[in-house]
Amino acid sequence: SQELEQSPQSLIVQEGKNLTINCTSSKTLYGLYWYKQKYGEGLIFLMMLQKGGEEKSHEKITAKLDEKKQQSSLHITASQPSHAGIYLCGADTYNTDKLIFGTGTRLQVFP
Amino acid sequence: GAVVSQHPSWVICKSGTSVKIECRSLDFQATTMFWYRQFPKQSLMLMATSNEGSKATYEQGVEKDKFLINHASLTLSTLTVTSAHPEDSSFYICSAGPGGSPLHFGNGTRLTVT
């Protein structure tokens with residue numbers, strides 16, 4: 001969707017390296033959700049952000065929402081092969097709980 | 001934690017037949033559920049919002065007579081692909097969350113129409 005852009009589209013990193021995935025909306029975000037998906041499988045909920053400037057962390061993954069609530073980043077510290085997968089950001093831009101999704105970032109982590 | 005269950009995981013059907021996909025919220029009541037479709041190597045596209053006790057709300061371009069949605073209880077929504085054709089082959093996935101928030105997704109259903 002043109003309303004939500006995610007970058008990069010793919011990422012190949014060596015194990016142990018840090019990485020960042022970005023999600024930018026053309027509209028104000030009422031909620032921003034990060035999910036991880038393995039191809040052909042369901043989505044695993046990672047984090048949800050709603051407030052400007054909010055930051056949440058779980059294990060080695062940190063997600064942030066900027067003050068203007070139009071851009072979010074997902075940062076993985078010391079990546080591991082288990083982090084490999086497709087990362088999707090989903091945005092609620094109409095305050096209706098309906099999500100539009102970014103194009104996804106395919107992450108590969110090699111030893 | 002909250003869990004959304006989807007069934008079947010995969011289905012193969014002949015062209016012209018109908019297929020029903022179930023989405024259940026296992027430990028919470030879901031007045032609203034969402035149905036998405038995902039093409040290979042593409043992102044999720046919202047198809048419709050399923051509302052318990054009332055008609056579903058379809059996104060622009062989604063044929064409501066083709067994709068029938070029934071949300072008869074607070075824990076179950078069904079998507080029926082009617083008169084399926086090969087172009088309907090796709091990955092269908094539902095989501096639901098406590099209080100209507102779209103937090104949790106099912107494991108998806110891979111539909112192949114031959």
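Quantities reported herein were computed from a predicted structural model and do not represent experimental measurements.
B/Ile93 is listed as a side-chain neighbour of A/Leu43, based on a closest heavy-atom distance under 4.5 Å.
Both A/Ile76 and A/Leu46 are part of a single hydrophobic cluster, where members link through side-chain heavy atoms under 4.5 Å apart. Tracing side-chain contacts under 4.5 Å through hydrophobic residues (I, L, V, M, F, W, Y), one never reaches B/Leu46 starting from B/Trp35; they form parts of separate clusters. Clustering ILVMFWY residues whenever any of their side-chain heavy atoms sit less than 4.5 angstrom apart, transitively, puts B/Val62 in the very cluster that holds B/Leu79. Both A/Leu49 and A/Leu29 sit in one connected hydrophobic cluster of ILVMFWY residues. Membership requires side-chain heavy atoms under 4.5 Å apart, directly or through other members. Linking ILVMFWY residues whenever their side-chain heavy atoms come closer than 4.5 Å, directly or via other members, leaves A/Ile21 and A/Tyr33 in distinct clusters.
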Acceptor/donor pairs from residues 57-64 of chain A side chains to any protein atom, 3.5 angstrom cut, sequence neighbours excluded:
unit_1, atom_1, unit_2, atom_2, d
A/Ser57, OG, A/Thr62, OG1, 2.9

For residues 82-91 of chain A, which side-chain donor-acceptor pairs fall under 3.5 Å, sequence neighbours excluded?
unit_1, atom_1, unit_2, atom_2, d
A/His83, ND1, A/Gln80, N, 2.9
A/Tyr87, OH, A/His83, O, 2.6

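Crowding of A/Lys56 atom NZ: a count of heavy atoms from other residues, nucleotides or ligands under 6.0 Å exceeding 12. The environment of NZ in B/Lys55 is sparse: at most 12 heavy-atom neighbours from other residues, nucleotides or ligands sit within 6.0 Å.
The contact between B/Glu59 and chain A is made entirely by side chain atoms (from C-beta outward), counting heavy-atom distances below 4.5 Å. Interface residue A/Gln37: only side-chain heavy atoms are found under 4.5 Å from chain B.
Taken to the nearest 0.5 Å, the CZ atom of A/Phe101 stands 11.5 Å off from the CE atom of B/Met45.
Judged by distance alone, with hydrogens and angles left aside, the side-chain atoms of B/Ser43 form no donor-acceptor pair with the main-chain N or O of A/Gly104 at under 3.5 Å.
The stretch residues 107-114 of chain B places B/Asn107, B/Arg110 near chain A, each with some heavy atom under 4.5 Å from a heavy atom of that chain. Residue-level contacts of residues 82-91 of chain B with chain A, in order of numbering, are B/Phe91; threshold 4.5 Å between heavy atoms.
Two rings, from A/Tyr35 and B/Phe105, have their centers less than 6.0 Å apart.
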